[in-house]
Asker: 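Take this structure, written in structure tokens, and hold onto it; I'll ask about it next.
Because the structure is a prediction, the values reported are computed rather than measured. Letters A, B, ... mirror the listed sequences (proteins, then strands); counts begin at 1. Quick note: numbers below take in every heavy atom, side chains included, and nothing from hydrogens, waters or symmetry partners.
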Amino acid sequence: MSLLDGQADGRKGGQGPVEQSSAEASSARPPDRPEDGMNRRRFLKVLGVAGGGSLAATACGSSSPEKLIPYLLPVEDQIPGVATWYATTCRECPAGCGVHARVREGRAVKLEGNPDHPINRGKLCSRGQAALQGLYNPDRVRGPMARNASGNFEPISWQDAITRVGERLGAAPGAQVRFVTGNEAGTFDRLVSDWLTTLGSSGHVVYEPFGYEAQRHATREVFGTDELPWYDFGAARYVLSFGADFLETWGSPLEYTRGFVASHAFADGTMGKFVHVEPRMSLTGQNADEWIAPVPGTEGVLALAIAHVIARDRLGSPPSDAARLRPLLQAYAPEAAAERCGVSAETIERLAREFAAGPSVAVAGGMGAQHADAHATAAAAHLLNYVAGNVGRTVRFGVAPNPAGGSRYQRLAELSQAMQDGRVAVLLVHGANPAYASPAGLGFASAIANVPFKVSFSRFLDETAMLADLILPDHDPLEQWNDFEPRAGVNLLQQPVMQPVFDTRQTGDVLLELARLMGGRMAQRFPAATYKDHLQNGWRRLHQQRGSRDAFEAFWTEALQRGGVWSEPRSRGAALAAGATRVAATPPAQPEGRFTLIAYPSSVLYDGRAANRPWLQELPDPVSKLGWSTWLEIHPDAANALGVTDGDMVEVTSDAGTVRAVAWVYPGIRQDVVAMPLGQGHTAFGRYAQDRGANAYQLLAAEPTAFGGVQHYAAVTVRATGEHENLATRAGSRRQLGRGIAQAVTLAAITAEGFHPFHEAHAAPVPEPIEKVLDEWQEEQYRDWKERGNYAGAHPRWGMAIDLSRCTGCSACVTACYAENNLPVVGKELMQRGREMSWMRIERYFEGEEGHPPEVRVVPMLCQQCGNAPCEPVCPVFAAYHTPDGLNAQVYNRCVGTRYCSNNCPYKVRYFNWFDYQEPSDQAFSWPEPLHWQLNPDVTVRSKGVMEKCTFCVQRIRGAQHDARMRGTPLRDGEVVTACQQSCPADAMAFGDLNDPGSRVSQLAADGRGYHVLDGLNTRPAITYLARVWNRAEA
Amino acid sequence: MSGRPGGVLAAFRHVDAAAHAVRQVKELGYKDFTVYSPVPNFEVMSAVGHRVSPVRVWTLVGGLTGCLSGYAMTMWMSYDYPLVVGGKALGSVPPYIIIMFELTILLGALATLAGLAFHTFRTHRAAAYDPRFTNDLIGIFVPCPAERQAAVQQALQQAGATEVRVEQ
Amino acid sequence: MGCHLIAGATIPEVAKVREAWSANQPIEWLKVHRMPPFVHFPHMRHLKGETAVKAEITCQTCHGQVERMPQVYQFSSLKMGWCLDCHKQNKVTTDCSACHY
Amino acid sequence: MAAVARPEPVRVPPTYSEITHDIAATLGRPGRTWYILLGFAISVMLLGAIALLYQIRYGLGVAGYRPPVMWGVYITTFVFWVGIAHSGTLVSAILYLFRSAWRTAVYRTAEVMTVFAVLTAGLFPLIHVGRIWYAYWLVPYPNQRQLWVNFKSPLLWDVFAVTTYLTVSTCFLIVGLIPDVAAARDVATGWRKKLYSITSLAWRGTDQQWRHYTRAYLYLAALATPLVLSVHSVVSWDFAMSIVPGWHTTIFAPYFVAGAIYSGCALVITLLVPLRKAFKLERYIHEDHFENLAKLLLLTGMLVGYAYAVEYFIAWYSGNEAERASFYNRAFGPYWWATWTMIICNGFLPLFLWFKKIRRSIPAMFLLSLFINLGMWFERFVIIVVSLSFEYEPYAMGHYTPSWVDWSVLAGSFGWFFMWFLLFAKNFPMVSIAEVKEIIPMPRKEDAHA
């Protein structure tokens, strides 16, 4: 069946690190679990159907006689202990990144970016990594369910379920059938539309909470086209962003990150400049060389004022017709604008000159495009690009990125109204959760009650599914046949990487079966037997269009292996349309005596669709470093005025509603603005999401904006409730206390006199002779073991270099580490006690005086694999020791748990198993069935009372060495890739052998910006950090 | 006590009297008599005139053994399964000195006890006893055949015994 | 499977195999050689490639004369000391992180 | 140390038989208070035991640990009890070598306290490890894994130091007991007579026994003396050997030893005062003894106070940012209360001991000793917890608050200690019969005649 041929032709090849007996494969499984037999049996019930069976990778320790379940029929390319890789497409957000799924014994255990993919080039963000926890989520709907008389869901058979839908559809007038989907650009999207049309309905509503309505509206006005522009961050040396958080959620974050880093990271003595304009300093804003906080909603004014200066002083090289804009721009003289947007005229003049010096790009998006005047902001940015002559250079058309499909909040509002009025007979919902992710005022949840028959295709019992009469759970994207078209010319394929975990069925198949069931027009219109056939039919057409010479089968196979087909887009510029001259920035009035709330998409949980992924819940937010909670960002002065501090519970009230959140005092926000992330506050959606934090949608106004979008700004009052909770974070001090952990230098300084690493202020320099004696003594020490046992002969010295000029702090590496190394998720209570286990953490420090806009520095902190490791000699049992190849190994099964090593580790990168996270009966059990199917068989799951730590993914090192030895050639540089390095979207990390002067890591380690953290302790770390370079006046 | 030889048992309240008695008994040519005392009393002990106890040799030997075995153990174990920690030499003496020291004390003390036990039991003589000897009386027991008991009894009496008793 | 239709067709144990096959149920074999989950042991490295320590190291070296066993039993202790003896005597690494990670 | 009190002439020394009688009298059948106290001690101990079992079942997480504070109440209490254990051997061994007469009346109490304190302390390294069931891996014994232990680790030094100390001080106690038990045997009746007959190891006080005994005792004392000084030095190196700011100091060994004797003497006083009342030993343990102990307290107290001062001075003088910050944080950070408790109790209160009135006032001494015990526990808390909570990596700093498990186990340790102490006190002489006699000259005939 699908899995089998999926593997037969879709195989990506690639070898797993080590062949293992099933007992070792089981290392990733909780040992001594009596119910393992049970697990395996139900595992077989699920997997066995296809005759595939599975080499159950389970261990029942020595207690019960252990059983092995072999393949009944050995499955092709499923060698026990050897990993297979399948290419597919990530569907966690609309960006459409290509992924490779690593499959062991029939289970997907890791997702990694597809290296030759046009969008993410082998990188993958946290949300992408966490897709696995969607696949194995214990709260997935395990089979079709129907609401019974008593109003509860009860399981039913697929046959029964589909018949019920068929009857309802047959009965209902076609026009009254509505279908809400998320962004499904591709075959499925078309299928749904055609399917509805054939039914006689035009009710296909695409709903993405972040719909890009403003950009579409603006682009139509200014350039008269419906397609969105594509921004070439790589070509722009100067980026001016009006609220666009392009490093987090906006557009295509990985792609934009890559481009941004390429042009902005310090290299060969030069770098671009990035100015971020937003009332709140987002993660993207933290990476800006300059952060400008205008009056909320006035970005448009600022943009036009800058355009004004450029036009006035004829700075740019605009197309001739830019002259038409003169009259429009007249109204935006810097002085006047300064008044309105709260940015000084000088600044405006300077920005204009810098911007026009080009190549530059102005981007309006994110929260800059979610307020009442957002369409003007977006239009203003277009005009600014136009007068600076960027259109056609850094701003291109013809690529048609499609981040939100045809989503328009307007349509959802209409649908909601229609339901209210009882004009909807059957409502089908797939891939959207409007009952949660829409302003409470819209009353979607209440309106849906008037619909007689509601079908949800959701994989989870989310808020909308809870309101349905029937749930027909869809396959997880990793179990599906599907395709996705994030932009023109990029057609991506999804193939099942493993057998379905539960008794689910792909919605495409369901729709086709329904068509068959209903017969007549429907049956003729959709003849395909399975959705896969339907998909292939579509691709046959694609095959012809591309006019590729080889047969379709070959084309298809190759596409599967590559993850899709794509071609360089033929991009073009655009000319001004009539509407361009009508652009006018009319900022909303500032609320009197109230704060402006900005409800922004969490860069981790996005709009809340990822809230049921434990990894993401536990991942500290890149800005606030808080997990598992909703917080209110508030300026120190405002906080003082209200008498609240970190961790105080505050009540936030808008005209739409009231929510409670924990206060987090943040100097990176305007005094008159507070901000709250979306994504939490679910009332359903499984154990990890439910009843956590607050849902900021409750505060947003329901009525659509002029351009048909949602307003993410609201006027609110904030009240201290007097309650307090410990922040769920490891972050101790916000400041570096002069320890030189994260070091930075300005471009001016480094070009003038280079980079001088931090030295402790009062530390007296060690006198020459003593230095010499010490070094000789040290060498003497080494000599004693250099010739002995495992330490004799030549070894690599594994090391890493991390370029802080590239690191954006996005934290993808952290999640990658969780996925690769079987790190347990400890939950909020333990996180409040600083007990999270993430071997890698992104430390965030504020620089500059208190109260002022901070300079934010981030530094990925993982085990430094010290040459003179303080942690090693204090271990009484050699559980911590130094491997011949220079790792600070930790032998988990030897560890007694004195925790002395952790006390003695200056970097605090050792983590202790306070509880038995692998033991189902334990209060802190971390892998409820079937979440543990994801566990990496190559890494031991640590038990209670054991210290654990990063070892540069030693399992990958040993695996690569194994392969090298088997093929008989030495290990090549870059052959070993650590999980964090592999995922890093900014490519900030290099890993390799420091003893090999030719290796990339050695070269980077020798860079002028290189420094070691806490160098004064003479720990001789294997990790070299390259200082951050700011393109700004003062550090 | 079985197999106890007959003899004369005397109790003294006064320490000088006891010391005198001891000397008397020695003059009578007795060596294997036993002196009881509630406290180690210099006067009496010097009258008895033992050589210094050989226990100290045990202490010395034990201590040395401890020290050496400490060195041997730490060094050998360090090289038997060589594992490097903190870039230090495999066998680095400074930390091992502590182990050596502790073992010196430990074996030294245990050996001393052993010595104490060994010598006291070796020099143990069966003799008559009176519970008051641990309280406030000094006692002397002179084992002698019946025909000579009278003489001994008299000598002790003269030395100032508070009471003298013949043990069969 | 083909073989077992003929080979040892009369042996009751083999009959079980055929039953399982016809019942389309995988056989639940009992695991004999058990290794703790925190040890990583590649068979390949001990048998194949230029790294195969010595020619005379065969399956039997560790698993015993399975072909002669009426019922398979655990031939070697599979304890750490046992591994180390062989490693030391063959002068291959005894580094902890070679097997434990 | 040379501060030996002259007994005041007015006091009539007891006769040998009186001594035997008075001290043997303490071994009579226990009264109700004793049973109540014992019952209380045992129930507190059980509370600790339950907490411990709970911790073993679910993992160390049930204790209050908050990274980076990986050592908390347990190690604090470990060091506390090891410290307590020091005065015993000091009084019995060192003062013995110094031939200071006044020790005879109090050394047994001190020694008993020592043994049980070490017994208590020894539990904590086990209680605090993550996998107590593998704690035996710290012992270098031949095993099939062919692995040995890491002698470079201060924790291993602890293993050796503490076990040695326990063994030696126990031997010392037992050896000292032999003649007394014999004395008790000879006046006792009933089951006690049987008990003492066995435990007195056939002691009769013969010339040969005394001959070897006195020597052995001397050498034990000679061995115990350096041991006392070494043990707490080794314990202090657990900290001094690491790189934690606030731990990495050369002054630690003498500083800890002084502190240990300080706290030990304090607890001796705390124990002696009620003991003397309950056992009516006023005639044997009187103001002179308390004054001498007070002088010891004063001396060590001043040393400790000096150490505090030096720590801060060095932190400043070193110019090391981390050190400075760490010590600033001690005094003015979130744990200021702990730091000031320690400074006031250990640094300032002992200054009262300059006054003879205080030194000779038993209630005052009792009160003072309680404060000093409290202060010394907090000293260890400050050194361990506060230093750890404020280390090199600012992002990884964190605040630690003990959980009910920590507190229960701490309380349990006291229950455990007092259980043993009470059991011992009622069954073996708490004042050395032989040695008290030793300092009183035996009657001489000529005196009698004169």
Side-chain angles (χ1 to χ4, degrees), chain A residues 730-739 741 760-764 830 833-835 841 843-845 859 861 870 872-878 881 894-900 902-916 922-924 943-947 1013-1014 1016-1017 1019, chain D residues 56-71 125 128-135 137-138 145 147-156 158-159 238-239 241-244 247 318-322 324-325 384 387-401:
Chain A
R730 177 83 192 262
S733 164
R734 292 177 161 206
R735 304 194 149 260
Q736 298 198 54
L737 312 173
R739 309 264 169 108
I741 308 289
E760 237 181 42
H762 302 75
L830 293 190
R833 293 163 74 175
R835 289 180 179 180
R841 56 174 190 261
E843 300 191 341
R844 186 256 298 114
Y845 291 112
V859 48
M861 187 50 66
E872 290 166 356
V874 297
C875 177
V877 292
F878 285 121
Y881 81 103
R894 176 67 171 169
C895 178
V896 175
T898 67
R899 306 185 300 295
Y900 199 171
S902 173
N903 286 345
N904 217 25
C905 170
Y907 309 95
K908 290 285 164 272
V909 286
R910 296 179 145 264
Y911 299 86
F912 188 72
N913 285 268
W914 299 107
F915 293 104
D916 219 340
D922 197 276
Q923 47 188 318
S943 67
K944 168 176 68 184
V946 170
M947 191 64 73
V1013 173
L1014 300 176
L1017 297 174
T1019 51
Chain D
I56 292 171
R57 163 67 181 84
Y58 285 106
L60 275 181
V62 299
Y65 292 108
R66 196 268 193 235
V69 182
M70 291 299 204
W71 288 354
H128 107 288
V129 295
R131 301 206 292 177
I132 186 170
W133 48 94
Y134 285 138
W137 282 353
L138 269 70
R145 295 179 294 278
L147 286 171
W148 301 112
V149 293
N150 176 10
F151 291 106
K152 299 185 191 83
S153 166
L155 292 184
L156 215 75
D158 269 359
V159 173
D238 285 349
F239 308 105
M241 286 293 155
S242 82
I243 61 171
V244 177
W247 284 11
S318 67
N320 179 315
E321 280 305 324
R324 289 184 174 187
I384 293 166
S387 305
L388 285 175
S389 72
F390 199 86
E391 254 206 67
Y392 291 101
E393 190 73 11
Y395 184 88
M397 293 170 175
H399 189 86
Y400 161 87
T401 26

Asker: I want to check a possible cation-pi pair here: A/Arg739 against A/Tyr845, using under 6.0 Å from ring centre and within 45° of the ring axis as the test.
Answerer: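 The answer is no; the distance or angle limit is not met.
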Asker: By a 4.5 Å heavy-atom criterion (distance strictly below it), what part of D/Ile384 contacts chain A: side chain, backbone, both, or neither?
Answerer: neither
Asker: Would you mind telling me which of A/Gly945, A/Pro876, A/Gly732, A/Ser733 has the largest number of heavy-atom pairs within less than 4.5 Å of chain D?
Answerer: A/Pro876
Asker: Among A/Leu1014, A/Leu737, A/Val909, A/Asn903, which residue has the highest count of heavy-atom pairs closer than 4.5 Å to chain D?
Answerer: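 Top count of heavy-atom pairs under 4.5 Å with chain D: A/Asn903.
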Asker: Looking only at heavy atoms and a cut-off of under 4.5 Å, which of D/Leu147, D/Leu156, D/Ile132 has the most pairs with chain A?
Answerer: D/Leu147
Asker: In terms of heavy-atom pairs under 4.5 Å with chain D, which of A/Arg894, A/Met861, A/Glu872 leads?
Answerer: A/Arg894
Asker: Which pair of non-hydrogen atoms, one from D/Gly64 and one from D/Tyr400, has the smallest distance, and what is that distance?
Answerer: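 Where D/Gly64 meets D/Tyr400 most closely, the heavy atoms are O-CD1, 3.4 Å.
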Asker: Show the nearest heavy-atom pair for residues A/Thr898 and D/Trp71, with the distance to one decimal.
Answerer: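 Here A/Thr898 and D/Trp71 meet closest at O-NE1, 2.8 Å.
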Asker: Using non-hydrogen atoms only, which part of D/Ala63 is less than 4.5 Å away from chain A: side chain, backbone, both, or neither?
Answerer: backbone
Asker: Which one, D/Lys152, D/Arg57, D/His128, leads in non-hydrogen pairs under 4.5 Å with chain A?
Answerer: D/His128
Asker: Would you check if there is a donor-acceptor pair between the side chains of A/Thr1019 and A/Tyr907 at a distance under 3.5 Å?
Answerer: yes
Asker: Are any side-chain N or O atoms of D/Ser153 and backbone N or O atoms of D/Asn150, one a donor and one an acceptor, separated by less than 3.5 Å?
Answerer: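 Not a single qualifying donor-acceptor pair exists.
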Asker: Who among A/Pro870, A/Cys895, A/Gly1016 has the most heavy-atom pairs with chain D under 4.5 Å?
Answerer: A/Cys895
Asker: Taking all non-hydrogen atoms of both residues, which atom of A/Phe912 and which atom of D/Gly130 are closest, and how far apart?
Answerer: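 The pair with the smallest heavy-atom distance is CZ-CA, 3.8 Å.
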Asker: Highest number of heavy-atom pairs under 4.5 Å with chain A: which of D/Met241, D/Glu393, D/His399?
Answerer: D/Glu393
Asker: Please identify, among A/Glu843, A/Gln736, A/Met947, the residue contributing the most non-hydrogen atom pairs under 4.5 Å to chain D.
Answerer: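 With the most close heavy-atom pairs to chain D, the winner is A/Glu843.
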Asker: Testing the 3.5 Å rule here: is there a donor-acceptor pair between the side chains of A/Arg841 and A/Tyr911?
Answerer: yes
Asker: Can you tell me which portion of D/Val62 sits under 4.5 Å from chain A's heavy atoms? Options are side chain, backbone, both or neither.
Answerer: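 Both backbone and side chain of D/Val62 come within 4.5 Å of chain A.
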Asker: Side chain from CB out, backbone as N, CA, C, O: work out which of these in A/Asp916 comes under 4.5 Å of a heavy atom of chain D, or both, or neither.
Answerer: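 Only the backbone of A/Asp916 comes within 4.5 Å of chain D.
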Asker: When heavy-atom pairs shorter than 4.5 Å are enumerated against chain A, which of D/Phe390, D/Tyr134, D/Phe151, D/Trp137 gives the highest number?
Answerer: D/Trp137
Asker: Could you walk me through whether A/Phe915 and A/Lys944 pass the side chain to side chain contact (heavy atoms under 4.5 Å, CB included) test, one step at a time?
Answerer: CA-CA 5 Å; A/Phe915 293 104; A/Lys944 168 176 68 184; over 6 Å; no
Asker: Would you kindly say whether A/Arg899 and D/Tyr65 are connected by a side-chain donor-acceptor distance under 3.5 Å?
Answerer: yes
Asker: Shorter than 4.5 Å, heavy atoms on both sides: which option in D/Val244, D/Leu388, D/Val69 has the most such pairs with chain A?
Answerer: D/Leu388
Asker: Let's test your reading of the structure: which of D/Gly59, D/Pro394, D/Gly398 forms the most heavy-atom pairs below 4.5 Å with chain A?
Answerer: D/Pro394
Asker: Using every non-hydrogen atom in the two residues, find where A/Lys908 and A/Ser902 come nearest and quote the distance to one decimal.
Answerer: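 In this case the closest contact between A/Lys908 and A/Ser902 is NZ-O, 2.8 Å.
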Asker: Could you look at D/Trp133 and say if it's the side chain, the backbone, both or neither that has a heavy atom under 4.5 Å from chain A?
Answerer: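 Looking at D/Trp133, just its side chain touches chain A.
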Asker: Between A/Leu1017 and chain D, which part of the residue has a heavy atom less than 4.5 Å away: side chain, backbone, both or neither?
Answerer: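 It is the side chain, since no backbone atom gets that close.
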Asker: Are side-chain heavy atoms of A/Pro906 and D/Ile243 found at a separation under 4.5 Å?
Answerer: yes
